[in-house]
Protein chains: 2
Amino acid sequence: MPARPTPASAITRPTIYDVARRAGVSKSLVSLVLRGEPHVSDARRQAVLEAIEELGYRPSRAASALASQQTRSVGVLIDDFHNPWFVELLAGLRSVLDPAGYSASVADLQLEAASGRNPVDGFLAQHVDALVIAAEPDPGLLQGVRVPVVVAGVRELGPAVLPGADVVAGDDERGGELATAHLLDLGHRNVGHLTGRGGPAAHRRRGYEKAMAAAGLEPLVVGAGGGTSEQDGYSGALELLDCRPPVTAIIAANDVMAVGALAALRERGLRAPADVAVVGYDNSPLAAYHYLALTSVDPRSREIGAEAARTLLARLQNPDAPRRHALIEPTLVTRPSTAGTRRRQLHEP
Amino acid sequence: MPARPTPASAITRPTIYDVARRAGVSKSLVSLVLRGEPHVSDARRQAVLEAIEELGYRPSRAASALASQQTRSVGVLIDDFHNPWFVELLAGLRSVLDPAGYSASVADLQLEAASGRNPVDGFLAQHVDALVIAAEPDPGLLQGVRVPVVVAGVRELGPAVLPGADVVAGDDERGGELATAHLLDLGHRNVGHLTGRGGPAAHRRRGYEKAMAAAGLEPLVVGAGGGTSEQDGYSGALELLDCRPPVTAIIAANDVMAVGALAALRERGLRAPADVAVVGYDNSPLAAYHYLALTSVDPRSREIGAEAARTLLARLQNPDAPRRHALIEPTLVTRPSTAGTRRRQLHEP
DNA sequence: CTGAAAGCGCTAACAC
DNA sequence: GTGTTAGCGCTTTCAG
């Protein structure tokens, strides 16, 4: 039977076979060179490399995946592309995955949900070798997943929904403590906290409460069960400012809420840090803007990503290794929003 | 020769063959059902669907791509994940691509460059059926690409680097005019502009200059050749504020620069809009924060994405159709940063 | 160290 | 309408 004619629209790309002929070697040898096997003579390796170059050859991932039963790709499930913390996470992941020859395929849970599809199914159809979950998805989504899973950044998900998954997360509780300790050090006593739904917010809140209790102070929390947007931070902060005695410092569950708090202060004719100090969480680009200059807890997302990738690689290597549960230590980045002590000037150097 | 043993780590997923056996039909029939062909009896179709359900069968994209020579996927090249304008673009793209059965694979130019790889090569190895370029990549990257390309959002790239590519972009020049006209309407005469490198900034600037000229006013531009970050906006605005006569309004090439301008105002003891009105571009989430409340030009990125996807589908259908070059009309979103006229109060409703 | 040969799971002719 | 069959481009034994 004659070969099927290639579709008119198909671009006939050179195959491993063309490379082999051009280099005067066999197909297998080309495959060996591509995979970086050491047992190939330099002369032939050179010939193959040149042929690849001359032909503009690019290996077909589809063919290689089909033959080897692995794609050397991992699916990364992000919560929401709007929330830029994932960018650093991704950079960290790739810094480890790339050298190991793995590629990352990214999906946004919000976007997928909006299209009514299951992002995990998509990854599975793609035959990803493993999954990184950097979100808090509906538990059902992960049901029946048979590839290794690493939960990155979100501490909650681990033991509950995914008994087998490794977890690499920021120590949000520690971060909450850090922020609170900083304010207490500055002499603040009436420190309020803006929280919201979700695992990370809950841990941050716990850290705050722990540090307050340790100092013998009464915690003052607002926003539990609500959202974590700028609007939520704004209305929560208004609530906090109406408390008596008035708060002299506010810790927000994230930077965006902290920006909302700044708006609330302004609306009340107050300034940060002169009247009320403000601390955010995430150390996002927002926090560094001159106009905002927020002291913020840095969860070190890049580290989390890199560690998650290392964990993944180890798991791929040894599926039966004991589960890992790593917590990355956050750091505090101080900026003018908490500069000096109370009643100091706004525009610090 | 005996079948090669499946690797220990491989998860043996059901194949089309298993489904066929289970449903009591042939493999081809299963394939037909999957592709939604109409010429299949309802009884058999039902049987196949049930078998698929029972087995938890998921078609292998690798196999299907290899056999059909098309992946029904498109590569989307974003400039920088930190800049969230791509989120809306992507949502627009997917709103059209999803129903058509295409999936989108996203890469970030910055991140790829950092790993020293060529994102376009990655897409090509993945055998994407088409490319959406939402960035201004090094011209060399696109050399020798043989799949259809649509340039989305960036007007410059089109004719110059990619003679064959369709272009769907925001009308940045119009946006610049819109912003300027708004300020002129408000009675401003000394309107300064913060610009920077890149095609979009250049068009926005041109719109500004055109509108100023039409009103018989002298344009005042700062930052040409520089960056477009918050820091650049900050230092540029400082420069603008030192001009004589002093500006009463500033148009920034994007929202982030506008935030930098706000910081510069504050540092000079000025306020927006009471002393100086400020306009951004992109209508990003930033602009909507209470604390910033920036009037901003909305490029309607979601529309751009949807239109780009439509263009792509049309091109895939008919490779020889004439090139399209669509410009999406931007809108202006007014907020307190330009509220009222000059010398009015800050906190508008 | 190299070459031959057998599929990976699926699609798309073609014959039944 | 339905079954048969020959590959898609690559990896991977296994024999030279």
Side-chain angles (χ1 to χ4, degrees), chain A residues 1-21 23-48 52 55 57-72 101 124-127, chain B residues 1-21 23-48 52 55 57-72 101 124-127:
Chain A
M1 186 164 292
R4 181 179 52 237
T6 58
S9 68
I11 284 82
T12 342
R13 310 205 287 144
T15 74
I16 197 173
Y17 189 90
D18 300 316
V19 174
R21 237 197 348 234
V25 301
S26 78
K27 285 161 268 180
S28 339
L29 205 248
V30 176
S31 186
L32 289 184
V33 171
L34 284 173
R35 306 197 46 223
E37 292 286 331
H39 302 293
V40 179
S41 74
D42 269 5
R44 301 205 173 227
R45 155 169 279 127
Q46 220 21 271
V48 169
I52 287 176
L55 261 32
Y57 166 79
R58 295 276 162 267
S60 157
R61 291 179 71 104
S64 128
L66 191 54
S68 68
Q69 296 290 79
Q70 50 161 16
T71 51
R72 295 189 83 80
L124 262 27
Q126 259 180 70
H127 284 235
Chain B
M1 185 166 291
R4 181 179 52 239
T6 59
S9 68
I11 283 83
T12 345
R13 310 206 287 143
T15 74
I16 198 173
Y17 190 91
D18 299 316
V19 174
R21 235 196 351 233
V25 301
S26 78
K27 286 161 267 178
S28 337
L29 208 246
V30 175
S31 185
L32 289 184
V33 171
L34 284 173
R35 306 196 47 223
E37 291 286 330
H39 302 294
V40 179
S41 73
D42 268 6
R44 302 208 174 225
R45 155 169 279 126
Q46 221 21 270
V48 169
I52 287 176
L55 261 32
Y57 167 78
R58 295 273 163 269
S60 158
R61 292 178 69 105
S64 130
L66 190 54
S68 69
Q69 296 290 73
Q70 52 161 16
T71 51
R72 294 190 82 80
L124 263 26
Q126 258 179 71
H127 284 236

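Protein chains get the first letters and strands the later ones, always in sequence-line order, with residue 1 at the start of each.
- Regarding contacts with the backbone of C:dC10, every side-chain N or O of B:S31 stays at 4.0 angstrom or more from both OP1 and OP2.
- The side chain of A:Q69 places no N or O atom within less than 4.0 Å of a non-bridging phosphate oxygen (OP1 or OP2) of D:dC10.
- C:dG7 atom P lies 19 Å from atom CD1 of B:I16, rounded to whole Å.
- Following rounding to the nearest Å, A:D18 (CG) and D:dC8 (P) show an atom-to-atom distance of 11 Å.
- Regarding B:R21, its CZ atom lies at a distance of 20 Å from the P atom of D:dT2, rounded to whole Å.
- B:L66 places its CG atom 10 Å from the C1' atom of C:dT11, with the value rounded to the nearest Å.
- For the pair A:Q126 CD and C:dG9 P, the interatomic distance rounds to 18 Å; values are reported in whole Å.
- Which of C:dG9, D:dT12, C:dA12 sits closest to the side chain of B:A67 comes down to C:dG9.
- Within the structure, a side-chain polar atom (N or O) of B:Y57 is placed less than 4.0 Å from OP1 or OP2 of C:dC10.
- Pairing each heavy atom of B:Q126 with each of B:T71, the nearest pair is O-CG2, 3.6 Å.
- With C:dG9, C:dC10, D:dT12 as the candidates, the nucleotide lying closest to the side chain of B:P59 is C:dC10.
- How far NE2 of B:H127 is from OG of B:S68: 11.0 Å, rounded to the nearest 0.5 Å.
- Using a 4.5 Å heavy-atom cutoff, the side chains of A:Y57 and A:I16 are in contact.
- With sequence neighbours excluded, no residue satisfies salt bridge (charged side-chain N to carboxylate O under 4.0 Å, His left out) with A:R72.
- D:dG9 atom C1' lies 17 Å from atom CD of B:Q70, rounded to whole Å.
- Every residue two or more places apart in sequence or in another chain that forms a side chain to side chain contact (heavy atoms under 4.5 Å, CB included) with A:A47 is listed here: A:A23.
- Distance, B:R61 CZ to D:dG9 P: 19 Å, rounded to whole Å.
- What separates CZ of B:R45 from C1' of D:dT2 is a distance of 14 Å, to the nearest Å.
- When the nucleotides C:dC10, D:dG9, D:dT12 are ranked by their closest atom to the side chain of A:S68, D:dT12 comes out on top.
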